[in-house]
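Computed from a prediction, not measured in an experiment: that's the story for all the values here.
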Amino acid sequence: MKIKDKIIINTFWLMSEKVINVFGLIFVTSFVAKYIGPSDFGKLNLASYIFSLLQTVAIWGTDTLCVKRISKNRNSGFNLLNSLTLLRTVIFFIIAAPTLIYIYLFSDFITFLFSFAVAISTFVYIQDIYIIANNATYNSKNNVISNVIGLILTLFMRYLIVFFKMDIIFLSAPIVSLTLIPYIIRNIFFTRNNGFVFSHINKDVKSKYSRYIFITGAPLVLSSISVAIYFNTSRLMLGALESSKALGIYAVALTLGSSWSFINNSFITSMTPKLYSTNKDDDAAYYSCVMSQFVILISICYLACFLFVGGFIIHHLYGPGYSSAFIVTIPIILSTCLSSLGMPTSRYIVKNNGYSFLGKKTVFLCLIAIPVSYILIIKFGILGAAYSTLIVEFASLTFLNYFFKKGLILKLHSRLFNPKVIISFVRTGK
């Protein structure tokens with residue numbers, strides 16, 4: 001089977017899962033948002049934002065390391081995966097415990113309950129190394145089947161809670177099931193089909209892998225944390241400077257403005273092993289350019305569709321209380337495009353061993369994001385939060401990347417205006 005065919009099939013499976021996910025976000029979540037109102041919906045999203053940062057720290061940059069290793073050496077990559085769980089567990093409990101204590105002491109009961117449920121869900125997710133193994137070996141179908149089953153059951157639980165007008169505390173149950181059910185299914189499938197992969201390895205070997213993960217992953221986790229901070233700064237600061245209601249409205253705009261990125265992410269995820277496995281720098285640049293041009297085409301199509309039907313969707317699905325989300329969604333769509341374009345660029349930098357550069361760049365971005373978000377939110381409220389993200393994403397993608405290896409990324413981006421790149425890929429699959 002040609003590599004293009006593998007990529008297309010793998011992308012199809014990744015997208016089929018996300019289609020159902022988007023259905024849940026837009027339709028079932030809107031049902032929940034309308035039921036509990038912008039204020040409590042904002043509290044639910046605040047808990048998710050906080051633990052998305054902790055999840056990033058606990059993962060410790062290992063997703064990128066393992067995909068790159070598996071692409072080059074399957075057995076070594078799986079041994080590396082086998083060494084992840086303990087490190088992730090220790091890091092998670094060190095940072096999650098004080099966070100939950102703080103939320104319990106200084107927040108209301110609903111926020112704490114949602115946060116505790118999200119903490120459990122996050123812990124399950126960081127233990128799920130089968131996601132990485134399947135994506136890196138073009139077996140995303142296994143992830144999709146597991147996720148779809150878990151997602152359908154979770155959405156059904158949410159629907160029943162709202163339909164029977166149960167207390168909102170019961171919404172904590174589907175938060176946990178969203179990651180727990182897929183993890184159990186993936187564990188069973190993977191053990192049955194690849195039981196030999198995660199057999200016990202020598203303690204010395206595991207210790208060596210753990211040291212390697214900790215040291216090599218440090219620049220990556222620094223980069224990932226900074227990305228998560230500057231991406232979430234506007235949301236967290238909005239909740240602090242405005243209100244949970246404003247955060248609830250912003251959460252709706254974020255859902256509509258970024259949920260479509262699953263198309264970009266699916267294609268990029270499928271192409272990444274090919275980028276990492278090639279030994280030719282020109283080929284790596286070519287694959288990165290193909291991914292970027294794909295993102296641009298999809299982004300233009302989605303923006304046009306939203307401008308046409310976005311207002312109708314918000315009014316009929318979420319209700320008049322969320323009407324101001326329309327104007328906020330437009331800059332979020334542009335931010336999502338820039339963020340998606342940053343993924344192939346970052347992978348190209350990683351391919352060129354730019355771990356340290358990414359760490360330094362994103363720390364700098366994080367320092368920029370905080371004052372930019374503060375100033376714009378104070379001045380423009382919810383709309384300022386959206387534009388602050390857009391400004392930071394633009395800086396991240398463009399001129400800050402151009403300092404890497406004397407303009408290597410500038411040369412890469414200059415190829416984005418050549419349509420022959422993606423046309424060549426479509427025709428030849430190379």
Side-chain angles (χ1 to χ4, degrees), residues 14-15 18 21-22 25 45 48-49 52-53 55-56 59 61 63-64 220-238 250-251 253-272 275 288-303 306 328-350 354 357-359 361-366 368-370 372-373 376 383-402 404 409 412-413 416:
L14 288 168
M15 287 177 60
K18 297 304 180 182
N21 196 9
V22 169
L25 284 171
N45 280 273
S48 299
Y49 299 155
S52 68
L53 295 176
Q55 175 180 301
T56 300
I59 288 175
D63 286 0
T64 301
L220 287 175
V221 73
L222 186 61
S223 171
S224 299
I225 292 170
S226 300
V227 169
I229 289 175
Y230 78 67
F231 189 72
N232 288 282
T233 292
S234 58
R235 288 176 274 184
L236 296 172
M237 198 167 289
L238 184 65
Y250 189 79
L254 190 68
T255 297
L256 296 173
S258 63
S259 59
W260 61 279
S261 64
F262 75 90
I263 303 174
N264 302 332
N265 296 343
S266 299
F267 184 72
I268 292 170
T269 299
S270 296
M271 284 283 291
T272 297
L275 185 152
S288 180
C289 190
V290 168
M291 289 186 267
S292 298
Q293 290 185 343
F294 179 86
V295 167
I296 293 172
L297 290 174
I298 297 300
S299 301
I300 292 172
C301 292
Y302 184 80
L303 179 60
F306 180 80
V328 180
T329 304
I330 296 173
I332 292 178
I333 292 174
L334 298 176
S335 299
T336 302
C337 173
L338 296 177
S339 177
S340 296
L341 287 171
M343 293 172 66
T345 299
S346 296
R347 282 159 171 73
Y348 183 64
I349 292 174
V350 169
F357 172 82
L358 287 175
K361 185 199 81 171
T362 47
V363 167
F364 181 71
L365 276 170
C366 182
I368 292 177
I370 295 173
V372 169
S373 295
L376 291 181
L383 194 59
Y387 277 108
S388 66
T389 302
L390 178 61
I391 291 170
V392 174
E393 287 291 354
F394 180 78
S396 174
L397 176 67
T398 56
F399 63 87
L400 289 180
N401 274 332
Y402 299 156
F404 181 67
I409 304 304
L412 175 70
H413 286 175
L416 297 182

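- Under the 4.5 Å side-chain criterion, counting only non-hydrogen atoms from C-beta, L334 is not in contact with F394.
- For the ring-ring contact (aromatic ring centres under 6.0 Å, His included) test, no residue two or more places apart in sequence or in another chain qualifies with Y387.
- Residues L383 and V328 share a closest heavy-atom pair of CD1-CA, 4.1 Å.
- Using a 4.5 Å cut-off on side-chain heavy atoms (C-beta onward), I391 and L376 make contact.
- Under the side chain to side chain donor-acceptor pair (under 3.5 Å) criterion, S346 pairs with no residue at all, not counting sequence neighbours.
- Taking all atoms of both residues into account, the shortest heavy-atom contact from W260 to S299 is CH2-OG, 3.1 Å.
- The nearest pair of heavy atoms linking I332 to S258 is CG2-N, 4.3 Å.
- Taking CD1 of I333 as the reference point, atom CG of L338 lies at 12.5 Å (rounded to 0.5 Å).
- Between the CG atom of L416 and the OG1 atom of T345 there is a distance of 7.0 Å, given to the nearest 0.5 Å.
- Taking CG of L400 as the reference point, atom CD1 of I409 lies at 12.0 Å (rounded to 0.5 Å).
- The backbone N or O of S388 lies less than 3.5 Å from no partner atom in the side chain of S373, so there is not a single donor-acceptor pair.
- Within the 4.5 Å cutoff, no side-chain heavy atoms of V295 are placed close to those of F267.
- In this structure, the side chains of S288 and R347 stay at 4.5 Å or more apart for every pair of heavy atoms.
- With hydrogens and angles ignored, the 3.5 Å screen pairs no side-chain donor or acceptor of K361 with any backbone N or O of N401.
- In this structure, CG on L341 lies 7.5 Å from CD1 on I268, to the nearest 0.5 angstrom.
- Between the CD1 atom of I296 and the OG atom of S340 there is a distance of 11.0 Å, given to the nearest 0.5 Å.
- Y402 is linked by a ring-ring contact (aromatic ring centres under 6.0 Å, His included) to H413, counting only residues two or more places apart in sequence or in another chain.
- Looking only at distances, no side-chain donor or acceptor of S396 sits under 3.5 Å from a matching main-chain atom of V392.
- Taking CG of L297 as the reference point, atom OG of S292 lies at 11.0 Å (rounded to 0.5 Å).
- Side-chain contact between I368 and F364 is present, with at least one heavy-atom pair separated by less than 4.5 Å.
- Looking at Y348 and C289, their side chains never come closer than 4.5 Å, going by heavy atoms from C-beta outward.
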How far apart are the C-alpha atoms of T336 and E393, what are their side-chain angles, what is the distance that settles it, and do they pass the side chain to side chain contact (heavy atoms under 4.5 Å, CB included) test?
-> CA-CA 8 Å; T336 302; E393 287 291 354; over 6 Å; no

Is there a side chain to side chain contact (heavy atoms under 4.5 Å, CB included) between L358 and F404 once you walk through the steps?
-> CA-CA 9 Å; L358 287 175; F404 181 67; over 6 Å; no

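- M291 and P344 get closest at one heavy-atom pair: CB-CB, 3.8 Å.
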